[in-house]
Amino acid sequence: MADGIVTPARLCGELSAPPSKSAAHRALICAALAQGKSQVSPIAPSEDMAATLQVLEAMGVQISTQGNKISVIGGAYTHRPVTLDCGESGSTLRFLLPVTAALGIPASFTGHGRLPQRPIGLLAQQMQAHGVQFSSLQMPFSIQGKLTPGEFSIPGNVSSQFITGLLFALPLLEQDSLIQLTSPLQSAGYVEMTLEALEESGIQVGALPNGWKIFGGQHYQAHTHMVEGDWSNAAFWLAAGAIGGAVRVTGLRNSSLQGDRQILALLEQFGAQVSWDAHAVCVKSAPLHSCCIDAGPIPDLVPILAVTAAFAQGRTEIYNAARLRIKESDRLASTAALINGLGGHAEEFSDRLVIYGGTGLAGGKADGAGDHRIVMSAAIAGLFSKQPVHIQGIEAVNKSYPDFFSEFSNLGGDFHAVHLG
């Protein structure tokens, strides 16, 4: 383990957004399900990407890497029992669990960190009703049996990843299937990203009033996948510009379906100056004021939005946020602890946070909670705190953004690691 210390500073300059982890997961899975050779790029190394690649290879997919380009040859899947280690990646588990069953691969699923505690029961129940046997509903577990087509009823307010996994798997079955939502869809942007990836791979999905019709007997088409920039990780730099800097981020798509593109509208709501030019989006600081934020579509933005709120005047409420309790940490608890531990004032409720801004943050010690987004939010908080911030467990950034602290320093951040004995 390692800790890090951030000393107050101001981020200024330009950087390129890392490739989207969400888009990369989807592109790699589409490539793996296609006959023939596909290429996916750019891919940035991270623990979550490594987990997906490792699982796909264990399933029989041929993968080779050259720089930031990955070549994928699908079609020759194993039918022997395999162990699939999903690391801490919820996307890897929930996307590939239905796919493995659709391909008829007997598999044992393992993982670590918080992943074994993250729910799969609702997805597993639907798979059990369609021919798949589970040894347990808690990790580690094994499955056998081939997924059968039909009607899948799934809530839209627990995890969009359940829906994405079924959308990937059901076109592989011989007959048509339906996905029916039993509650309103949250994080709709992530499902729209999946539908876009499927369309680019030649897969047809029909929209229904409360779900989708997935036509059976389809074949994924091999092609070259270009991975767009990541709004989720760019949000940390954009928020730093809003609070007290001037940051330009290149490589982001203005028309992106990523839900976390909302960071721009939210920072404008706080009062920041946001502008686009031909190559980049720029966010500059301005006096910030409180606002009200629906976390339903953008759960991953909540920690950095809470930090932004701590430097804004007034009372900010972040609501519709109960799902944050089943992330890499209990993010309602860990975000409130971050703000309060650094001298701010945040109140935690069952499904929301209230942050009282106006006095900024004093600094001090921040528990990274084993959560990449808490660690990165703590680093941004440290830029504008009155005293340095000591962050525990900085290695958590390796889950999604190993280059975070390098980029942080390149933009003028004052950071140094403290290696524990």
Side-chain angles (χ1 to χ4, degrees), residues 22 25-26 90-99 101-102 114-115 117-130 132 134 137-139 147-171 173 176-198 205-215 232 257-262 266 292-302 305 317-333 335 348-353:
S22 297
H25 280 301
R26 287 161 171 80
S91 295
T92 306
L93 171 63
R94 291 161 170 175
F95 292 178
L96 289 172
L97 174 57
V99 169
R114 286 261 296 184
L115 186 61
Q117 284 79 53
R118 297 177 71 177
I120 61 152
L122 292 169
L123 176 59
Q125 288 166 16
Q126 289 299 300
M127 292 175 62
Q128 287 174 317
H130 292 82
V132 182
F134 281 71
L137 294 184
Q138 293 200 333
M139 186 175 275
L147 191 68
T148 58
E151 183 171 324
F152 294 76
S153 298
I154 204 91
N157 62 348
V158 176
S159 175
S160 65
Q161 293 174 346
F162 295 166
I163 299 162
T164 285
L166 291 171
L167 286 168
F168 282 134
L170 297 179
L173 307 183
D176 297 350
S177 297
L178 297 176
I179 298 174
Q180 293 283 358
L181 297 180
T182 59
S183 64
L185 178 62
Q186 294 191 351
S187 295
Y190 288 110
V191 176
E192 289 169 1
M193 288 180 71
T194 303
L195 294 170
E196 181 180 60
L198 290 171
V205 176
L208 300 173
N210 293 300
W212 300 269
K213 180 175 183 178
I214 298 92
F215 303 99
S232 302
L257 295 176
Q258 294 178 53
D260 288 349
R261 187 190 174 283
Q262 283 192 41
L266 292 166
C292 222
I293 298 169
D294 179 358
I298 43 103
D300 287 342
L301 293 182
V302 166
L305 289 171
E317 181 173 343
I318 302 174
Y319 63 93
N320 196 15
R323 288 186 304 145
L324 271 79
R325 296 200 181 277
I326 55 173
K327 295 289 188 176
E328 286 82 347
S329 66
D330 176 341
R331 278 198 190 142
L332 287 183
T335 299
E348 172 195 351
F349 299 89
S350 62
D351 63 349
R352 61 195 171 98
L353 289 175

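Worth knowing before you read on, the calculation uses all heavy atoms, side chains too, and leaves out hydrogens, waters and symmetry mates.
A heavy-atom distance below 4.5 Å is found between the side chains of Met127 and Pro98. Residues Met139 and Leu93 form a side-chain contact, since some pair of their non-hydrogen atoms from C-beta on lies under 4.5 Å apart.
In plain terms, the two heavy atoms of Val132 and Phe134 that are nearest each other are CG1-CE1, 3.8 Å. Nearest approach of Leu137 to Ala124, heavy atoms of both residues: CD2-CB, 3.4 Å. For Phe215 against Gly206, the heavy-atom pair with the smallest separation is CE1-N, 4.0 Å. Across every non-hydrogen atom of Ser153 and Thr182, the tightest pair is CB-CG2, 4.0 Å. The heavy-atom pair separating Leu332 from Ala322 by the smallest distance is CD1-CA, 4.4 Å.
Taking CD1 of Ile318 as the start and OG1 of Thr335 as the end, the distance is 8.0 Å to the nearest 0.5 Å. Here CG of Asp260 is found 3.5 Å from CG of Leu301. Values are rounded to the nearest 0.5 Å. A distance of 9.5 Å separates CG in Leu96 from NE2 in His25, rounded to the nearest 0.5 Å.
In this view, Arg114 satisfies the salt bridge (charged side-chain N to carboxylate O under 4.0 Å, His left out) rule with no residue, not counting sequence neighbours. Applying the side-chain contact (heavy atoms from CB on, under 4.5 Å) test to Ala197 and every residue at least two apart in sequence or in another chain returns Arg26, Cys30. Every residue two or more places apart in sequence or in another chain that forms a side chain to side chain donor-acceptor pair (under 3.5 Å) with Arg261 is listed here: Asn254. Listed by chain and number, the residues in a side chain to side chain donor-acceptor pair (under 3.5 Å) with Thr92 are Thr52, Ser89 (sequence neighbours excluded). Residues that satisfy the salt bridge (charged side-chain N to carboxylate O under 4.0 Å, His left out) test with Glu348, not counting sequence neighbours, are Arg325.
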Which atom pairs, donor and acceptor, lie under 3.5 Å between side-chain atoms of residues 292-300 and protein residues at least two apart or in another chain?
residue : atom : partner : partner atom : Å
Asp294  : OD1  : Gly296  : N            : 2.9
Asp294  : OD1  : Asn320  : ND2          : 3.0
Asp300  : OD1  : Arg331  : NH1          : 3.1
Asp300  : OD2  : Tyr190  : OH           : 3.4

Let me have the donor-acceptor pairs involving side chains of residues 154-167, under 3.5 Å, with sequence neighbours excluded, atom names and distances please.
residue : atom : partner : partner atom : Å
Asn157  : OD1  : Ser183  : OG           : 3.0
Ser159  : OG   : Arg94   : NH1          : 3.2
Ser159  : OG   : Gln161  : N            : 3.1
Gln161  : OE1  : Arg94   : NH1          : 2.8
Gln161  : NE2  : Ser91   : OG           : 3.1
Thr164  : OG1  : Thr194  : OG1          : 2.7

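In summary, of the residues considered (Leu178, Ile214, Leu147), a side-chain contact (heavy atoms from CB on, under 4.5 Å) with Phe152 occurs for Leu147 alone.
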* To do: Give the C-alpha distance, both sets of side-chain angles, the deciding distance and a yes or no for side chain to side chain contact (heavy atoms under 4.5 Å, CB included) between Thr148 and Leu173.
  => CA-CA 7 Å; Thr148 58; Leu173 307 183; 5.8 Å; no
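Applying the salt bridge (charged side-chain N to carboxylate O under 4.0 Å, His left out) test to every pair with at least one member in residues 178-198, sequence neighbours left out, gives these pairs: Glu196-Arg253. Evaluation of the salt bridge (charged side-chain N to carboxylate O under 4.0 Å, His left out) test over residues 150-167, restricted to residues two or more places apart or in two chains, returns none. Each salt bridge (charged side-chain N to carboxylate O under 4.0 Å, His left out) pair with one or both residues in residues 176-190, not counting sequence neighbours, appears once here: Asp176-Lys213.
Within 6.0 Å of CD in Gln138 there are 12 or fewer heavy atoms belonging to other residues, nucleotides or ligands.
The aromatic rings of Phe95 and Phe168 stand perpendicular to each other, their planes meeting at an angle above 60°, with 30° marking the opposite boundary.
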